[in-house]
S.K.: 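Here it is, the structure in full.
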Amino acid sequence: MANQIGDFFKSFPDKEQAKKDIAEHLKRFWAKSMRQQILAHVNEKNGAGLEDIVRDAIKEHID
């Protein structure tokens, strides 16, 4: 699901804004437990299976 969100935003010309928008979407629409799970996946497995823009959005904007 996170990659589908990333697919939508990766076409945006401003990549930094796209990463912020991905993170904002996750914060607004994903339960805290889901965000914690994906953050743990990024931290423990470097986001294996995630699009680069999604992984970077999570690393940079999700805490």
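Residues take their numbers from the sequence shown, with the count starting at 1. Every heavy atom of this structure was used, including side-chain atoms; hydrogens, water molecules and symmetry mates were not.
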S.K.: With sequence neighbours excluded, what pairs up with F12 under the ring pair (Phe, Tyr, Trp, His ring centres under 6.0 Å) test?
M.R.: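 Expected list: F8, F9.
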S.K.: Could you list all the salt bridge (Lys or Arg N to Asp or Glu O under 4.0 Å) pairs where at least one residue sits in residues 20-37, not counting sequence neighbours?
M.R.: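 Non-adjacent pairs meeting salt bridge (Lys or Arg N to Asp or Glu O under 4.0 Å): zero.
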S.K.: Which heavy-atom pair separates A18 from I53 by the least distance, and what is that distance?
M.R.: CB-CD1, 3.9 Å
S.K.: Nearest 0.5 Å, please: how far is CG in N43 from CD in Q36?
M.R.: 12.0 Å
S.K.: Using a 4.5 Å cut-off on heavy atoms from C-beta on, say whether the side chain of N46 contacts that of K59.
M.R.: yes
S.K.: Go through the structure and list residues passing side-chain hydrogen bond (donor to acceptor under 3.5 Å, both in side chains) with E16, not counting sequence neighbours.
M.R.: K19
S.K.: Work out which heavy atom in V54 is nearest to a heavy atom in G6; give both atom names and the distance.
M.R.: CG2-CA, 3.6 Å
S.K.: Once salt bridge (charged side-chain N to carboxylate O under 4.0 Å, His left out) is applied, do any residues pair with D14, and if so which ones, sequence neighbours excluded?
M.R.: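 By the salt bridge (charged side-chain N to carboxylate O under 4.0 Å, His left out) rule, D14 matches no residue at all.
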S.K.: Rounded to the nearest 0.5 Å, how far does NE2 of H61 lie from CG of D63?
M.R.: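 So the CG of D63 and the NE2 of H61 are separated by 11.0 Å.
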S.K.: Going by ring pair (Phe, Tyr, Trp, His ring centres under 6.0 Å), name the pairs with one or both residues in residues 28-48, residues two or more places apart or in two chains.
M.R.: H25-F29
S.K.: Who are the side-chain hydrogen bond (donor to acceptor under 3.5 Å, both in side chains) partners of N3, not counting sequence neighbours?
M.R.: none
S.K.: For V42 versus R55, what's the shortest heavy-atom pair and its separation?
M.R.: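 Of all heavy-atom pairs spanning V42 and R55, the closest is CG1-CG, 4.1 Å.
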S.K.: Could you state the interatomic distance from CE (M34) to CG (L39), rounded to the nearest 0.5 Å?
M.R.: 13.5 Å
S.K.: Mind checking the CG-CD1 spacing from L26 to I38? Nearest 0.5 Å is all I need.
M.R.: 6.5 Å
S.K.: Which heavy atom in A23 sits nearest to a heavy atom in I62, and how many Å separate them?
M.R.: O-CD1, 3.7 Å
